[in-house]
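One structure is given here, and the rest of the page talks about it.
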There are 2 protein chains.
Amino acid sequence: MQSRTPAPRATGRPRSAAADTAILAATRAALVELGWSKLTLGDVATRAGVAKTTLYRRWAGKNELVVDAVAELFDELELPDSGTLAADIEGVVLQFAAILARPEAQNGLMAVVAESCRDDALRERIRSSIVDRQKRLVLEGRERAQARGELPPEADPLEAARTVDLIFDMVAGAVVHRTLVSAEPADAAWVHGFTQVLLTGLTGPAVE
Amino acid sequence: MQSRTPAPRATGRPRSAAADTAILAATRAALVELGWSKLTLGDVATRAGVAKTTLYRRWAGKNELVVDAVAELFDELELPDSGTLAADIEGVVLQFAAILARPEAQNGLMAVVAESCRDDALRERIRSSIVDRQKRLVLEGRERAQARGELPPEADPLEAARTVDLIFDMVAGAVVHRTLVSAEPADAAWVHGFTQVLLTGLTGPAVE
DNA sequence: AGCTTTCGCTACGAGTCGTAGCGTAATGGC
DNA sequence: GCCATTACGCTACGACTCGTAGCGAAAGCT
C-alpha cells in the first residue's frame with residue numbers, strides 16, 4: 001500500500017513491517033518539528049531507530065516518503081450519512097479541515113505538491129494515495145444526493161465526471177486555500193457559509 | 001517594493017537596480033529549468049551575472065527571493081469591466097489561470113506557501129505582495145456587482161469582510177487546486193462551469 | 001579630494017546527500 | 001539441521017550546497 005513493494009520475494013528475510021510504521025510516524029514527527037526543508041532522511045532514520053540505508057532501500061527519496069507519511073492521515077476520512085446534502089458536505093468538509101489543521105499535513109502536503117510539478121511519477125503517487133480517496137467521497141455524496149432528489153441526475157456520464165471534478169476542486173481547493181494561504185481556521189462557521197454558497201450560489205439566499 | 005530595502009542610505013554607492021531585475025528574472029528562469037528543490041542561489045547568481053554574495057546582501061534566503069520573483073508575475077492582474085458579474089469573474093479567473101499555468105509560478109508558489117507554514121514573516125511577505133493584490137480584485141468586483149444590483153448589499157461591514165474572504169478562498173483555491181493538484185488546465189470551459197456554480201450553486205440551474 | 005556603501009571574487013567550515021562495503025540476522029526450501 | 005537468499009545495522013566516503021568572511025576595486029555623494 002505504501003512503499004512501492006518491488007515484487008516481494010518468496011524467499012529471504014522479509015521486510016520488517018514495524019519498521020515501516022515507525023519510519024512513517026517518525027517522518028510525521030520530523031515534519032512537525034522541523035518542517036519540510038529542514039527534514040533530513042538521516043534524522044528520520046535516527047528517530048525511527050533504523051539505519052539510514054534502510055530508508056533508501058524502501059523509498060526513492062524524501063518526496064515519496066513524505067507522500068506516504070501524509071497519506072495515512074487521510075485514512076480516517078469518511079462520508080457521514082446525515083440525511084441531507086448540506087449536512088453531508090459540512091460533515092466531510094469539517095473532517096477534511098481537521099486533518100489539514102495538523103502541522104504535519106500542512107508542512108508536508110504543499111511541499112510534495114510543489115515537487116510534483118516536475119515529477120510525473122510523484123504526481124501519480126499523490127493522486128492514487130491521497131487525491132483519489134478524497135474524490136471518491138464527492139462521487140458518493142453526489143450519488144446519494146441524486147437518489148434523494150436533492151441534485152438533478154446527469155444523463156451524460158462524461159458530463160457527470162466533469163461536474164464531479166469541478167466540485168472536488170472547489171471543495172478541496174477552498175479548504176486548502178483557507179487553511180494554508182489565508183492561514184485562518186476552517187471552523188464550523190466558515191464551513192457552514194461555504195456550504196451555503198456552494199449549494200445556492202452567491203446570488204441565492206443570503207449567506208446566513 | 002521587492003527586496004526589503006534596509007532604509008536606503010543617502011550616501012555611498014547605490015544598489016544596482018539592474019541587478020535586482022536580472023536576479024529576479026534569473027530566479028524565474030531557474031525555477032522553470034530546475035524547479036524549487038534543485039534551485040541553488042549560486043546558480044541564480046551565475047545566471048544573473050552577479051556574485052553570490054550580492055544575492056545574500058539583498059535577500060535573507062531562497063524563500064524570500066522566490067516570493068519576490070513570483071510576485072512580479074501577478075502584476076498584470078486586472079479586473080475587467082465586462083458589464084455583468086459573471087463576465088467579470090470569468091475574465092479575472094482566466095487571467096489568474098493563465099499565470100498559474102506558467103511553470104515558474106507552479107514551481108515557486110506552492111513551495112513558498114509550504115515554507116510559510118513555519119515562517120510567519122514569510123507568510124506576511126506572501127500576503128502583502130501576492131495574496132492581498134488578488135483579494136482586492138474580489139473586493140472591487142463585489143462592490144461593482146452590488147452597484148449594478150447583481151448582489152445584495154451587505155449592511156454589516158464585518159460580515160461583508162467575511163464574505164469577501166470566503167469568495168476569495170473559493171475562487172483562488174479552486175483554480176489553484178485544478179491547476180496544481182488535479183493538473184488539468186483551467187480553460188475557458190472549466191472557468192465557465194465554475195462561474196455558474198459559484199453564482200447559482202449546485203442546486204441552481206443546470207451547470208451549462 | 002574624501003567618505004561611504006556596494007560589488008566581484010576567493011576561500012572556508014559545516015552540513016547533507018546518496019552509495020558502497022561489510023558482517024550479521026531472519027526467513028523459506030531441501 | 002543446513003544453505004541460499006534477502007534485509008538489516010553500521011561505517012565511511014566523495015560530491016555538493018550552504019552561508020559567511022575577507023579583500024581590493026568601483027560608484028556614488030558632499
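Computed over heavy atoms, backbone and side chain alike; hydrogens, waters and symmetry mates excluded. Here the structure is a predicted model, which is why all the values come from computation and not from measurement. Residue numbering restarts at 1 for every chain, and letters A, B, ... go by the order of the sequence lines.
For the atom pair A/D68 CG and A/I130 CD1, the distance stands at 8.5 Å (nearest 0.5 Å).
Residue A/R57 places a side-chain atom within donor-acceptor reach of the base of D/dG9, judged by atom type and a 3.5 Å distance cut-off alone. Interface remark: the B/R13 side chain does form a donor-acceptor pair with the C/dT6 base, using a distance-only criterion of under 3.5 Å. Residue side chain A/T53 reaches the base of D/dC10 through a donor-acceptor N/O pair under 3.5 Å, judged by distance alone. Between the side chain of B/K52 and the base of C/dG8, no donor-acceptor pair under 3.5 Å is found.
When the P atom of C/dG18 is taken as reference, atom OH of A/Y56 falls 4 Å away, rounded to whole Å. Atom NZ in B/K38 sits about 20 Å away from atom P in C/dT16, given to the nearest Å. Summarising the geometry, the separation between CG on A/L39 and C1' on C/dC17 is reported as 13 Å, rounded to the nearest angstrom. A straight line from CZ of A/R15 to P of D/dT5 spans 18 Å, rounded to a whole angstrom. The separation between B/I23 atom CD1 and C/dG8 atom C1' is 12 Å, rounded to whole Å. Following rounding to the nearest Å, A/N63 (CG) and C/dC17 (P) show an atom-to-atom distance of 12 Å. A/L65 places its CG atom 15 Å from the C1' atom of C/dC17, with the value rounded to the nearest Å. Rounding to whole angstrom units, CG of residue B/L55 and C1' of C/dC9 are separated by 14 Å.
Residues A/A71 and A/S129 approach most closely at CB-O, 3.8 Å, considering heavy atoms. Taking all atoms of both residues into account, the shortest heavy-atom contact from A/Q146 to A/P153 is NE2-CA, 3.6 Å.
Two residues, B/P14 and B/K62, neighbour DNA chain D, and the one matched to the more 5' nucleotide by heavy-atom proximity is B/K62.
Side-chain contact of A/E115 with B/S37: a donor-acceptor pair under 3.5 Å is present, judged by distance alone.
B/R178 places a side-chain N or O within 3.5 Å of a backbone atom of B/P185 that can act as its donor or acceptor partner.
In this model, the phosphate group of C/dG8 is approached by a side-chain N or O of B/T54 to a distance below 4.0 Å at OP1 or OP2.
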